[in-house]
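A quick note: this is a predicted structure, and the numbers were derived from the prediction, not measured.
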Amino acid sequence: MNVYEAIERRREITSFLPEKLDEAVLEQIVRSGYLAPTGNNLPSREFIVITDREQLIHLSTATPFMKWLAAAGAGIVITGRPDISKYWLQDASISSAFIWLAAEGEGLGAAFGAIYHSEDEEESEKRESYVRKALNIPSDRRIVTVMGVGQIGEKPKPKKHIPFEQIVHKEQF
Ligand SMILES: Cc1cc2nc3c(=O)[nH]c(=O)nc-3n(C[C@H](O)[C@H](O)[C@H](O)COP(=O)(O)O)c2cc1C
């Protein structure tokens, strides 16, 4: 699958078959996040890969919006380091997109569980603490997302996109 096909086909998959993922495939997907660019090429994000079913079930309640993680083949936590780079959030986010597309390229599905909450520090603290405690993540790391990756259960209904012309401006806004 070329990169355009992966981009066109990609959806958020929230229905997974609780099957084990091939280790080499999972490694390659995580490597795609690791190879994603960062501002000033600084190592401002890290990844924690989880395949333990009990831990996936535990993490699936970090927020009310990621129940799908309980059945995923793997969870990939992406943390950011504000002490290393002012671009930590962008860096972590870009790596999540690479992971998402790599999963698509492997015929797998991925979902994004938002942990970091930029508008509500209290809610962010609650979510991040939950994940931090479960995985022993140092206190200087921010926890951006837990992505779920796995074999696709149900596919989502076709998506209606906002017209391209409404979103993309040429030469001027
Ligand atoms: C920054 C961001 C935060 C998201 N947070 C969640 C989340 O907490 N839970 C969830 O199930 N999906 C989450 N999503 C997935 C989006 O809801 C989904 O990608 C969007 O509805 C578009 O659907 P599509 O991915 O199928 O194109 C998030 C996506 C992004 C980019």
Side-chain angles (χ1 to χ4, degrees), residues 1-17 21 25-26 28-47 49 59-60 62-82 84-124 127-128 131 142-173:
M1 190 186 304
N2 78 26
V3 72
Y4 290 123
E5 282 169 341
I7 289 168
E8 291 283 347
R9 289 167 57 135
R10 187 216 57 81
R11 293 297 309 279
E12 179 176 52
I13 299 301
T14 55
S15 165
F16 294 111
L17 305 176
L21 293 178
V25 168
L26 179 57
Q28 202 60 47
I29 290 171
V30 176
R31 190 169 165 76
S32 304
Y34 156 83
L35 290 176
T38 62
N40 300 117
N41 200 29
L42 289 168
S44 70
R45 76 287 189 271
E46 291 159 299
F47 307 90
V49 184
L59 291 172
S60 73
T63 83
F65 312 109
M66 46 190 294
K67 292 186 177 61
W68 37 260
L69 189 63
I76 303 169
V77 180
I78 308 178
T79 65
R81 297 197 63 174
I84 295 268
S85 173
K86 58 183 174 288
Y87 297 125
W88 62 274
L89 185 56
Q90 293 97 318
D91 294 343
S93 303
I94 288 171
S95 67
S96 75
F98 274 46
I99 285 170
W100 211 327
L101 290 175
E104 184 68 47
E106 292 289 350
L108 299 170
F112 188 109
I115 304 297
Y116 172 75
H117 195 312
S118 67
E119 286 181 355
D120 186 340
E121 191 51 46
E122 203 180 314
E123 176 63 20
S124 202
R127 296 176 178 191
E128 289 182 76
V131 179
R142 297 307 301 255
I143 302 163
V144 178
T145 173
V146 183
M147 299 199 68
V149 177
Q151 301 282 353
I152 299 171
E154 244 175 77
K155 286 194 174 153
K157 293 195 181 76
K159 175 174 164 179
K160 198 171 181 308
H161 289 278
I162 300 165
F164 184 80
E165 298 70 28
Q166 208 173 308
I167 302 289
V168 180
H169 310 281
K170 295 193 174 158
E171 313 300 348
Q172 285 195 31
F173 190 89

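I13 approaches P156 most closely through the heavy-atom pair CD1-CD, 3.6 Å. Contact between S93 and L89 at its shortest, heavy atoms only, is OG-O, 2.6 Å. Contact between A110 and M147 at its shortest, heavy atoms only, is CB-CE, 4.5 Å. Nearest approach of A102 to S32, heavy atoms of both residues: CB-OG, 3.3 Å. Annotation for P82 and R142: closest pair CG-CG, 3.6 Å, computed over non-hydrogen atoms. When every heavy atom of V149 is checked against every heavy atom of A103, the shortest pair comes out as CG1-CB, 4.2 Å.
Distance check, rounded to the nearest 0.5 Å: CD of E123 to CD of E128 gives 10.5 Å. Note: W100 CH2 to I76 CD1 = 12.0 Å, rounded to the nearest 0.5 Å. Atom CD1 of I167 sits about 4.5 Å away from atom CD1 of I162, to the nearest 0.5 Å. The CZ atom of F65 sits 8.0 Å away from atom NZ of K67, with the distance rounded to the nearest 0.5 Å. For the atom pair F112 CZ and I78 CD1, the distance stands at 7.0 Å (nearest 0.5 Å). One distance of note links CD1 of I152 with CG of L17; it measures 9.0 Å at 0.5 Å rounding.
Taking 4.5 Å as the limit, every side-chain heavy atom of V77 sits out of range of all side-chain heavy atoms of I115. Using a 4.5 Å heavy-atom threshold, the side chains of L21 and I29 count as separate.
Judged purely by atom type and a 3.5 angstrom limit, E5 uses its side chain to pair as donor or acceptor with the backbone of N2. Listed for the D91 side chain is no donor-acceptor partner under 3.5 Å among the backbone atoms of P43. In terms of modelled atom types and a separation under 3.5 Å, the side chain of S85 and the main chain of R81 share no donor-acceptor contact. Using a distance-only test at 3.5 Å, with no hydrogens or angles considered, no donor-acceptor pair links the side chain of R45 to the main chain of I94. Side-chain atoms of S124 do not come within 3.5 Å of backbone N or O of D120 as any donor-acceptor pair. With hydrogens and angles ignored, the 3.5 Å screen pairs no side-chain donor or acceptor of T145 with any backbone N or O of A114. In this structure, R11 contributes its side chain and K157 its backbone to a donor-acceptor pair below 3.5 Å. Side chain of E46 to main chain of T79: no donor-acceptor pair is present (N/O by atom type, distance under 3.5 Å, no hydrogens or angles).
Between F16 and W68, the angle of the ring planes goes over 60°, which puts this pair in the perpendicular group of the 30/60° scheme.
The pair E104-R9 meets the salt-bridge criterion, with a side-chain N (NZ, NE, NH1 or NH2) lying under 4.0 Å from an Asp/Glu carboxylate O.
By the 6.0 Å contact criterion, CG on L35 is enclosed, its count of non-hydrogen atoms from other residues, nucleotides or ligands being greater than 12. Other residues, nucleotides and ligands contribute at most 12 non-hydrogen atoms within 6.0 Å of the OH atom of Y87. Shown here is E154, whose CD atom has no more than 12 heavy atoms of other residues, nucleotides or ligands within 6.0 Å. Heavy atoms from other residues, nucleotides or ligands lying under 6.0 Å from CD of E8 number 12 at most.
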